[in-house]
Visitor: 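Please find one structure pasted underneath; my questions will follow.
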Amino acid sequence: MATQNIEVDILIVGGGTAGPLAAIKAKQKAPHLRVLLLDKANVKRAGAIAEGMDSVNNAIIPGYATPEQYVKEITIANDGIINQAAINAYATRSFDMIKELDAWGVKFEKDETGDYAVKKVHHLGSYVLPMPEGYNVKKVLFKQIRKLGVEVSNRLTTTRLLVGEDGRIAGAMALESRTGDFVVIRAKAVVLCTGAAGRLGLPSSGYLFGTYENPTNAGDGYSMAYHAGAELSGLECFQINPLIKDYNGPACAYVTGPLGGYTVNAKGERFIRSDYWSGQMMLEFWRELEGGNGPVFLKLDHLAEETVKKVEDVLHVTERPSRGLFHAGRGTDYRHDLVEMHISEIGLCGGHSASGVWVDEHARTTVPGLYAAGDLCNVAHNYMLGAMVYGQIAGEDAVDFIEGKELAAVDTAQIEAERERIFAPLLREEGIAPTQIEYKLRRMVNDYLQPPKVTAKMEIGLQRFAEIRADLDKLKARNPHELMRAMEVYAILDCAELAARASLYREESRWGLYHYRTDYPGRNDAEWFAFVEVKKGADGQPEIFKRPVPEYIYPIAKSELYGYDAMRVEAEPLAA
């Protein structure tokens, strides 16, 4: 349990998608600066795109879409609760990022003329750009990291941020999960890129790591930002996705839609107009299951052989290599079988919904010198390319922020307090294993927070979470790896409590299934057309309040604003 001390100019926490771009762009802008990129795993294969990505879900390509069209699309998809300036910051940089990735070696699908082959999946516009060789994305990014001389540290689990006496961010503290060393990293700016809170709900399999989201993303960044005093936004807007039944991966009607695949119920009827993942789509999905028309299936058996082969190449090679093995074990063949679908466990994610650390169009949080990018930040429907663009924005703005600044002075008491918290489970002679507490916690999340949301259930959930917090004093770790898992339990519990409190605070239903409250079943714009924010109060307890929706850059008529409500279609016969 030795202590390492490191000093850098810019610290980037998270080596998945946003983090590498933040490091690359900071180093390109200021090669003389010391930029450190760290991850709890290995940056070469870290994050949600470790095995690649099948497509860019939100490409704004000239000739197919404009930034204005895209900003309006996401405003409508998110029921109007949007900071359009933040969405526009992504939209205006999207195409330049695609061209740069292309130049680096990322392969995008192109048509016979050499133009990008954009597909339509969204309810309104066309923004999906397939990546037939998307499995090489991490290799391409890591090559740039090495080329620019970005420092990389692996196996460092960041546990808390350091806040300076003047209120500026001052660095972070971490655990080396193999040696057990305590690491104090002093920095002038910090960029959090730790991904979604993927280990919040418990999958139906009961397997802790069988989540839809990358299971290494335990909500660490949400917790760290909260304890550093940053505002978190939209934690009541849960992430819920359509999955393959019994498999922790997307059913991918989203991917197969441009090729002719679609979602049907047990009667063979198509019941939703668009397979784009919106809360309203998930509400219709849930209603179909609960209304007696389930199960729900992905239908591909009507497609031509060459089309099915193309689907398999994308979904079984680029998207998730284990998917083909799963189908083979089940005896499922797209050519003559429907693929049973189900609903995922809940999570928190800016990239797929709108729950994250509040940032403005410069990726700045409400704590000076602290930035957030990717699935962690609340830029709605951000996806992979949004993570990259916001990584760029954060890295470049951090360079400007630190100019002329010294490291913020720090009260060493916070360092000692964190060291004591981290190592308590390892020094305890006996206690409860982290996996046991995590299982209990996440089962309670399922029991009390899974939509449809019920007030009495959420109130009981908060009582159970308080009981589990008392159990944290009994956590027992046998080695540094288990100690890392123990620290993740703290983060998961923070996310569960804050999600429950935000959900209770917003007394309406919004975003389809994401925040569907049985006792407040209607949308109430008069009272709740606002962001719900959470931050740590002076008394150490969560403070919850409304933040007004900023004036739109691109006005939207009231008749257009809830266009996604018209998602359901009349029954259509099964195609021959």
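Treat the numbers as computed from the prediction; the structure is a model and nothing was measured.
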Visitor: What's the separation between atom OG1 in Thr366 and atom CD in Glu231, rounded to the nearest 0.5 Å?
Guide: 4.5 Å

Visitor: Could you check whether Glu288 pairs with Arg568 (Lys NZ or Arg NE/NH1/NH2 to Asp/Glu carboxylate O, under 4.0 Å)?
Guide: yes

Visitor: For Glu396, is there an ion pair with Lys29 - N to carboxylate O distance below 4.0 angstrom?
Guide: no

Visitor: Could you check if a side-chain atom of Ile343 sits within less than 4.5 angstrom of a side-chain atom of Ile240, using non-hydrogen atoms only?
Guide: yes

Visitor: Could you walk me through whether Met224 and Leu370 pass the side chain to side chain contact (heavy atoms under 4.5 Å, CB included) check?
Guide: CA-CA 11 Å; Met224 284 188 281; Leu370 178 63; over 6 Å; no

Visitor: Using the six-membered ring of Phe401, assess whether NZ or CZ of Lys405 lies under 6.0 Å from its centre and within 45 degrees of the ring axis.
Guide: yes

Visitor: Any idea which heavy atoms bring Leu235 and Gly356 closest together, and the distance?
Guide: CD2-N, 4.1 Å

Visitor: Looking only at atom types and distance, does a side-chain atom of Ser355 sit under 3.5 Å from a main-chain N or O of Cys349, one as donor and one as acceptor?
Guide: yes

Visitor: Using a 3.5 Å distance criterion without hydrogens, assess whether the side chain of Asn241 forms a donor-acceptor pair with backbone atoms of Ser344.
Guide: no

Visitor: Between Glu109 and Lys310, is there a salt bridge with N-O shorter than 4.0 Å?
Guide: yes

Visitor: Ignoring hydrogens, what is the shortest heavy-atom contact between Thr92 and Ala89? Give both atom names and the distance.
Guide: OG1-O, 3.4 Å

Visitor: Inspect the contact between Lys110 and Asp115 and indicate whether a charged nitrogen and a carboxylate oxygen are less than 4.0 angstrom apart.
Guide: no

Visitor: Compute the ring centroids of Tyr116 and Tyr64, then answer whether they are less than 6.0 Å apart.
Guide: no

Visitor: Compute both the distance and the angle, then confirm whether Lys147 meets the cation-pi test with Trp104: under 6.0 Å from the six-membered ring centre, within 45 degrees of the axis.
Guide: no

Visitor: Determine the minimum heavy-atom distance between Tyr226 and Lys535, stating which atoms define it.
Guide: CE1-C, 3.5 Å

Visitor: Would you find a donor on one side and an acceptor on the other, under 3.5 Å apart, between the side chain of Ser509 and the backbone of Tyr516?
Guide: no

Visitor: Just checking, any donor-acceptor pair under 3.5 angstrom between side chains of Asp525 and Tyr562?
Guide: yes

Visitor: Quick one: CG on Leu376 to CG on Asn217, what's the gap to the nearest 0.5 Å?
Guide: 9.5 Å

Visitor: If I take atom CD from residue Glu361 and atom CG from residue Asn88, how far apart are they, to the nearest 0.5 angstrom?
Guide: 9.5 Å

Visitor: Using a strict threshold of under 4.0 Å (side-chain N to carboxylate O), is an ion pair present between Asp39 and Arg155?
Guide: no

Visitor: Run the salt-bridge test on Lys99 and Asp96 with the 4.0 Å N-O cut-off and return the result as yes or no.
Guide: yes

Visitor: Do Val191 and Leu11 come within less than 4.5 Å of each other through their side chains, counting heavy atoms only?
Guide: no

Visitor: Is there a donor-acceptor pair closer than 3.5 Å between any side-chain N or O of Asn78 and the backbone N or O of Ile82?
Guide: no

Visitor: Flag the pair Glu508 and Arg506 as a salt bridge only when some basic side-chain nitrogen lies within less than 4.0 angstrom of an acidic carboxylate oxygen.
Guide: yes

Visitor: If we only count heavy atoms from C-beta on, is the Val140 to Leu101 side-chain gap below 4.5 Å?
Guide: no

Visitor: Using every non-hydrogen atom in the two residues, find where Phe108 and Leu129 come nearest and quote the distance to one decimal.
Guide: CD2-CD2, 3.6 Å

Visitor: Run the side chain to side chain contact (heavy atoms under 4.5 Å, CB included) check on Asn248 and Leu243 step by step: do they pass?
Guide: CA-CA 7 Å; Asn248 65 324; Leu243 300 184; 5.8 Å; no

Visitor: Taking the inter-plane angle between the rings of Tyr127 and Tyr70 on a 0 to 90° scale, is it parallel (under 30°), tilted (30 to 60°) or perpendicular (over 60°)?
Guide: perpendicular

Visitor: Check for me whether the distance between the ring centres of Phe297 and His342 falls short of 6.0 Å.
Guide: no

Visitor: Using a distance-only test with no angle check, is there a side-chain donor-acceptor pair under 3.5 angstrom linking Gln28 and Lys25?
Guide: yes

Visitor: Can you check whether Gln239 reaches Leu348 side chain to side chain, under 4.5 Å on heavy atoms?
Guide: no

Visitor: For Val106 and Asn136, work out which heavy atoms get closest and say how close.
Guide: CA-OD1, 4.4 Å

Visitor: Would you say the side chain of Leu36 lies within less than 4.5 Å of the side chain of Val152, judging by non-hydrogen atoms?
Guide: no

Visitor: Hydrogens and angles aside, do Tyr247 and Ser322 bring a side-chain donor and acceptor to less than 3.5 Å of each other?
Guide: yes

Visitor: Is it the case that the ring center of Tyr514 lies less than 6.0 angstrom away from the ring center of Phe238?
Guide: no

Visitor: Determine whether a donor-acceptor pair (N or O, by modelled atom type, separation under 3.5 Å) exists between the side chain of Thr66 and the backbone of Gln69.
Guide: yes

Visitor: May I have the step-by-step check of side chain to side chain contact (heavy atoms under 4.5 Å, CB included) for Asp220 and Lys40, ending in yes or no?
Guide: CA-CA 11 Å; Asp220 318 48; Lys40 66 168 73 170; 3.0 Å; yes

Visitor: Taking the ring of Tyr371 and the ring of His362, is the distance between their centroids below 6.0 Å?
Guide: no

Visitor: Do Glu533 and Ser233 pair up side chain to side chain, a donor and an acceptor below 3.5 Å, judged on atom types alone?
Guide: yes

Visitor: Heavy atoms only: give me the nearest Gln84-Tyr554 pair and the separation to one decimal.
Guide: OE1-N, 2.8 Å

Visitor: Within the 4.5 Å heavy-atom criterion, are Ser503 and His515 side-chain neighbours or not?
Guide: yes

Visitor: Mind checking whether Phe531 and Trp358 have ring centres under 6.0 Å apart?
Guide: yes

Visitor: Could you check whether the rings of His302 and Tyr262 sit parallel, tilted or perpendicular, using 30° and 60° as the cut-offs?
Guide: tilted

Visitor: Taking the basic N atoms (NZ, or NE/NH1/NH2) and the acidic carboxylate oxygens, is any pair closer than 4.0 Å for Glu68 and Lys72?
Guide: yes

Visitor: I'd like to check Val118 versus Val128 (side-chain heavy atoms, cut-off strictly below 4.5 Å). Are they in contact?
Guide: no

Visitor: To the nearest 0.5 Å, how far apart are CG in Leu37 and SG in Cys193?
Guide: 8.0 Å

Visitor: Quick check for you: to the nearest 0.5 Å, what is the distance between His381 atom NE2 and Asn57 atom CG?
Guide: 11.5 Å

Visitor: Name the orientation class of the two ring planes belonging to Tyr383 and His352 (parallel below 30°, tilted from 30 to 60°, perpendicular beyond 60°).
Guide: perpendicular

Visitor: Starting at CD1 of Ile145, measure out to NZ of Lys138 and round the result to the nearest 0.5 Å.
Guide: 6.5 Å

Visitor: Can you confirm whether Arg34 sits close enough to Ile6 that some side-chain heavy atom of one is under 4.5 Å from a side-chain heavy atom of the other?
Guide: yes

Visitor: Considering only NZ, NE, NH1 and NH2 on the basic side and carboxylate oxygens on the acidic side, decide whether Arg199 and Glu213 come within less than 4.0 Å.
Guide: no

